[in-house]
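Below is one structure, written out as structure tokens; comments come after it.
Sequence lines set the chain letters: A, B, ... in the order given, protein chains first and strands last, and positions in each chain run from 1. All values below come from the heavy atoms of this structure, side chains included, with hydrogens, waters and symmetry mates left out.
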There are 2 protein chains.
Amino acid sequence: MSITIKDVAKFANVAPSTVSRVIADNPRISEKTKKRVREAMKELGYHPNFIARSLARQSTKVIGLVMPGSADIIFQNPFFSNVLRGLSESAHEKNYALQMTTGKTEDEIFEGVVQMVQGRRVDGLVLLNSHVDDKIMEYLRKQNVPFVVIGKPFKYVEEITHVDNDNFQATREVTEYLLQLNHDRIAFIGGSLDLVVTIERLLGYEKALQLAGIELNNQYVIHEEFLREGGREAVSELLKLSDPPTALVVADDLMALGVLNMLAELNVSVPEDISIVSFNNVLIAEMGNPPLTSVDINIFSLGYEAAKNLILHINNTQEPIKRVIVPHKLIIRSSCMKNIENDLVSLE
Amino acid sequence: MSITIKDVAKFANVAPSTVSRVIADNPRISEKTKKRVREAMKELGYHPNFIARSLARQSTKVIGLVMPGSADIIFQNPFFSNVLRGLSESAHEKNYALQMTTGKTEDEIFEGVVQMVQGRRVDGLVLLNSHVDDKIMEYLRKQNVPFVVIGKPFKYVEEITHVDNDNFQATREVTEYLLQLNHDRIAFIGGSLDLVVTIERLLGYEKALQLAGIELNNQYVIHEEFLREGGREAVSELLKLSDPPTALVVADDLMALGVLNMLAELNVSVPEDISIVSFNNVLIAEMGNPPLTSVDINIFSLGYEAAKNLILHINNTQEPIKRVIVPHKLIIRSSCMKNIENDLVSLE
DNA sequence: TTGTATGCGTTATCAT
DNA sequence: ATGATAACGCATACAA
């Protein structure tokens with residue numbers, strides 16, 4: 001069919017093994033023959049067959065990506081495009097390819113991971129999010145396959161290599177930011193409690209309130225999906241309270257946009273009537289009306305570091321680092337302001 | 001290392017070739033031995049090695065995806081997440097895996113495509129967008145590799161299999177929609193003219209105006225990148241005109257959000273002062289303030305059909321269909337209203 | 001420094 | 001209906 005190593009060998013009057021060594025730039029081959037072989041390769045338009053190489057080397061130079069289910073609305077979150085950018089750039093630098101799992105349901109995805117691993121299609125995997133009691137993580141641990149998690153593993157935190165933000169600390173900080181603006185009725189709208197990130201952020205929120213001596217109000221804590229429908233319901237429930245919050249900590253920009261949308265319909269002004277701070281700082285955060293104050297969690301780096309550390313792990317050039325913390329930064333825009341109500345109270 | 005076909009063969013007291021036939025469910029193997037072999041596979045925990053199979057079969061069951069450059073801001077458009085969903089679901093149904101190109105620049109991506117193709121890593125490719133004078137399309141045609149383009153090829157439209165909307169017609173329709181609302185000063189804000197979709201939409205816009213007997217105003221046609229910064233500049237330029245438009249056709253939701261954002265800053269009300277209609281109808285379209293009237297181009301189907309037709313093409317079960325048109329639909333929300341100014345004029 | 005031979009795990013072509 | 005055996009294209013241990 002196409003040009004193989006043997007064709008090049010014949011053309012250059014050497015053995016196939018010599019051609020192979022030239023490809024690997026083996027120092028034991030003389031510069032003369034290297035040059036001759038390389039010319040032959042150019043001449044014939046030779047390109048190495050990755051499949052054959054993978055079989056012989058027992059390594060594919062492919063990284064498997066475990067995506068959320070395609071039916072999952074989370075799949076549409078710009079978070080994933082951004083994390084993909086980071087993974088892509090890092091993988092490209094090290095000449096690794098990226099292969100995605102496909103599948104709608106959790107079971108389909110799990111089966112896909114098994115195929116990838118047992119079928120020896122990939123050298124390692126990156127899990128794009130971390131669930132509570134993650135079946136896939138459990139499996140990969142048992143199989144002893146190199147893998148890296150984006151987010152914090154629910155179990156075996158000390159053993160599983162992961163790239164994460166300090167979400168506990170970040171949420172503490174934003175909550176304290178709102179406290180400094182004189183808010184004391186602060187609600188938390190988080191995503192599914194099945195995601196570890198939600199738990200971490202909730203804990204950070206609670207810690208800040210606790211340190212400020214504010215009693216936790218269960219009605220102020222709402223868990224909905226990270227996306228639009230969730231946002232709408234969450235808001236309507238909160239506003240119905242006798243003592244509605246004056247500030248919201250929302251765990252995701254997209255969800256925060258949904259909240260903004262609903263507040264606009266209800267003629268509630270942001271930030272005049274209610275302040276909002278959200279997370280992720282994706283492109284659309286600054287396109288909200290008003291532009292959202294959001295925690296930049298450096299999504300690109302999350303992806304970049306994940307692929308980078310996975311590759312280090314695969315080639316075990318070193319004892320793998322178990323935890324990489326990517327820094328975050330509060331980006332202040334126009335969705336928060338001082339709580340005047342409390343100001344008046346304190347002036348009395 | 002791991003369990004191979006030979007181990008199963010020994011365990012079941014048959015030849016490796018027999019095991020292979022059982023895997024393929026070859027009818028010439030007796031049910032008895034099939035059962036015995038399958039039990040042996042379960043027992044030993046056998047999983048076929050895809051790499052070895054690929055080498056022997058000369059087919060990988062992998063589809064290559066040609067993404068925009070990761071440095072490209074277009075990469076962040078929710079369009080791609082959605083198209084990925086469609087591709088993923090379709091590929092999964094046919095047991096194909098998805099592999100992405102990586103790379104920042106056009107050249108890096110091209111090199112990646114060559115690696116994929118010559119390295120025999122993939123059985124075919126899907127191009128996620130269509131550029132004017134697309135180098136990659138040219139290359140794939142010459143290599144005679146199965147591929148499908150999402151969007152309209154700039155050249156060889158009759159020969160290259162592609163999945164597209166009727167963007168010309170769709171843009172005609174939305175422009176006529178605005179005309180019916182009594183707008184006659186309608187501007188067009190499109191993306192890069194390097195993308196075929198931009199050209200198609202521009203032509204549709206022009207056609208509608210022409211049929212309505214409205215003279216084209218060059219100052220009303222602006223091309224900027226599909227994203228935010230572009231949107232801002234475009235708007236400011238338009239509003240500076242002595243006779244500013246009362247309606248905008250914006251070629252992308254994300255860009256339209258940027259436009260909304262800027263208009264809000266300038267205290268220009270939508271739709272009272274200016275009407276906006278945009279394209280794609282991604283999730284965030286309904287989260288604009290006001291929610292955007294947008295053309296739903298059925299992005300999921302674009303991806304789904306692309307993978308489906310590529311796979312048909314690969315297995316050439318039939319003479320490949322050259323063109324698949326995915327239907328579009330105008331989703332009316334709250335960003336457009338009747339042009340009162342012209343109403344008054346006509347009432348005089 | 002280079003060549004020979006074998007293996008990587010399958011599939012497929014002959015045989016039997 | 002099943003078993004040997006030769007590809008598939010490359011890497012590598014062992015020779016020379």
Once you round it to whole Å, what is the distance between [atom2] of [N] and [atom1] of [X]?
X        : N     : atom1 : atom2 : result
A:Arg120 : C:dC8 : CZ    : C1'   : 12 Å
B:Leu55  : D:dA6 : CG    : C1'   : 13 Å
B:Leu44  : C:dG9 : CG    : P     : 15 Å
B:Ile3   : C:dG9 : CD1   : C1'   : 13 Å
A:Asn13  : C:dT2 : CG    : C1'   : 13 Å
A:Ile5   : C:dT4 : CD1   : C1'   : 15 Å
A:His47  : D:dG9 : NE2   : P     : 16 Å
B:Arg121 : D:dG9 : CZ    : P     : 17 Å

If you check every side-chain atom of [X], which of [options] has the closest atom?
X       : options               : answer
A:Ala56 : D:dT2, C:dT10, D:dC10 : D:dC10
B:Ile29 : D:dG3, D:dT2, C:dG7   : D:dT2
A:Ala15 : D:dG3, C:dG3, D:dT2   : C:dG3
B:Ser30 : D:dT12, D:dA1, C:dG9  : D:dA1

A:Thr60 and A:Arg53 side chains, donor-acceptor separation under 3.5 Å: no
Indicate whether the side chain of B:Ser17 and that of B:Ser20 have a donor and an acceptor atom separated by less than 3.5 Å. no
With a cut-off of less than 4.0 Å, is there a side-chain N or O of [X] near OP1 or OP2 of [N]?
X       : N      : result
B:Thr33 : D:dA1  : no
A:Gln58 : C:dG9  : yes
B:Arg53 : C:dT11 : yes
B:Thr4  : C:dG9  : no
B:Thr18 : D:dG3  : yes
B:Ser20 : C:dT11 : yes

Base, sugar-phosphate alone, or nothing: which one does [X] contact when heavy atoms must sit under 4.0 Å apart?
X       : result
B:Pro16 : nothing
A:Val19 : nothing
B:Phe50 : nothing

Relative to the 5' end of DNA chain D, which residue comes earlier, B:Glu31 or A:Ile23, by the nucleotide with the nearest heavy atom? B:Glu31
If each of A:Arg28 and A:Lys6 is mapped to the nucleotide of DNA chain D with the nearest heavy atom, which maps nearer the 5' terminus, i.e. the 5' end? A:Lys6
For the side chain of [X] and the base of [N], is some donor closer than 3.5 Å to an acceptor across the two?
X       : N     : value
A:Ser17 : C:dT4 : yes
B:Arg57 : C:dG9 : no
A:Arg36 : C:dT2 : no

Neighbour count >12 (heavy atoms, 6.0 Å) for atom NZ, A:Lys35: no
Counting only heavy atoms from other residues, nucleotides and ligands, does the tally under 6.0 Å from CD of A:Glu106 exceed 12? no
Does NZ or CZ of A:Arg141 lie under 6.0 Å from the centre of the six-membered ring of A:Tyr156, at an angle within 45° of the ring axis? yes
Looking at A:Lys308, is its backbone amide N or carbonyl O close enough to the side chain of A:Ser90 to form a donor-acceptor pair, meaning the two atoms are under 3.5 Å apart? yes
